[in-house]
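In each ligand, atom 1 is the first atom listed, and ligand 1 is the first ligand listed. Excluded from the calculations below are hydrogen atoms, water molecules and symmetry mates; all remaining heavy atoms, backbone and side chain alike, are included.
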Amino acid sequence: MIEIIRAKSAGFCFGVERIVKMAEALTQQPAGPVYCLGELIHNPQEVERIRAQGMRFITGPDELPPLAPGQQARVLIRAHGVAPQVKRAITERGYQLSDGTCPLVTIPHQFARKLVQDGYRLVIMGHREHPEIQGILGELADLPEGRVDVVSGPEELERLELRAGDRVGLISQTTHPYERFARLVGEVLARTLEVRAYNTICQATSERQGATLALAKEVPLLIVVGGRRSSNTNRLVEIASLYTECYHLEDAAELKKEWFNGVEKVGIAAGASTPERSIQEVELTIRALVGDG
Ligand code: SF4
């Protein structure tokens, strides 16, 4: 009999649960079509489920069709948030907004503004193309120009050409690993006069990373369930792969029987955008594959 251990913290976080409920509620409303700007969450199965309920998906405000006089329609902003300019472009087209930006995503926005206003050279740890970072950069657009850089981690510091007299402000994308951010802060301080850093990494992210790390040290095989485009899920795979054999899958159908040959204990971890249903399916499928159903 195989022992299956689930990470102590896995699956939907508060922000994802909230946006999925908002999307479901909006598709039940009779008042006009509802569009979602971008993928609702980085989980293809969940996006398809919401699409089947009537949600329409667009990649930018330009794709919104013109509204007839008196016609009502709504656009849902997903948990990652968007730049204020994008919200304006939507309302200027006559659409109503339902803003599902996770309240924790707006915290880096506030700190970024404060750091630039206080004259710090801003360094953001994250992926420039990620909507969360685009949202932060958009928030700064109305401020007088200051230097703002986005780096994926401490390895990229050289290209910033920091000087000894620089005053540097640091924030992070909410889903990045705390250890990398702490290293970045230390390495910037070693090169400059002053550092002001805000820990903007979301607690749900830290908890899932900590739980995955602990489990990876305990099991010979760990399955991480979550979307391949999910930033926080990919971080879990990176962390787990340092300590154990790890497979990343979006769906239980990807499980292979041979992975479990001779394995007595397997761990399951899941990103913040992975529904409970997918985690349970993976557990049941593993049991079926090893004849333990
Ligand atoms: S991971 Fe954190 S910041 Fe992102 S949606 Fe979930 S609770 Fe909000």
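If you look at His42 and His80, their ring centroids are closer than 6.0 Å.
Residue Cys202 approaches ligand 1 through these ligand atoms, each under 4.0 Å from one of its heavy atoms: 1 (S), 2 (Fe), 3 (S), 7 (S). Against a heavy-atom cut-off of under 4.0 Å, Thr205 is close to the following atoms of ligand 1: 1 (S). If you number the atoms of ligand 1 from 1 as listed, the ones under 4.0 Å from a heavy atom of Leu104 come out as 3 (S), 7 (S).
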Run the numbers on Arg208 and Leu236 for side-chain contact (heavy atoms from CB on, under 4.5 Å), then give the verdict. CA-CA 8 Å; Arg208 277 153 191 73; Leu236 300 185; 4.2 Å; yes
With salt bridge (Lys or Arg N to Asp or Glu O under 4.0 Å) as the test, would you mind laying out the steps for Asp166 and Arg147 before giving the verdict? CA-CA 11 Å; Asp166 280 345; Arg147 176 144 183 196; over 6 Å; no
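A salt bridge does not link Arg128 to Glu156: none of the charged nitrogens lies less than 4.0 Å from a carboxylate oxygen.
Contact annotation: Cys102 places no N, O or S atom under 2.8 Å from atom 6 (Fe) of ligand 1.
Among protein heavy atoms, atom 4 (Fe) of ligand 1 sits closest to Thr174 OG1, 4.1 Å. With hydrogens left out, the protein atom closest to atom 6 (Fe) of ligand 1 is Cys13 SG, 2.2 Å, a heavy atom.
Heavy atoms from other residues, nucleotides or ligands lying under 6.0 Å from CZ of Arg159 number more than 12.
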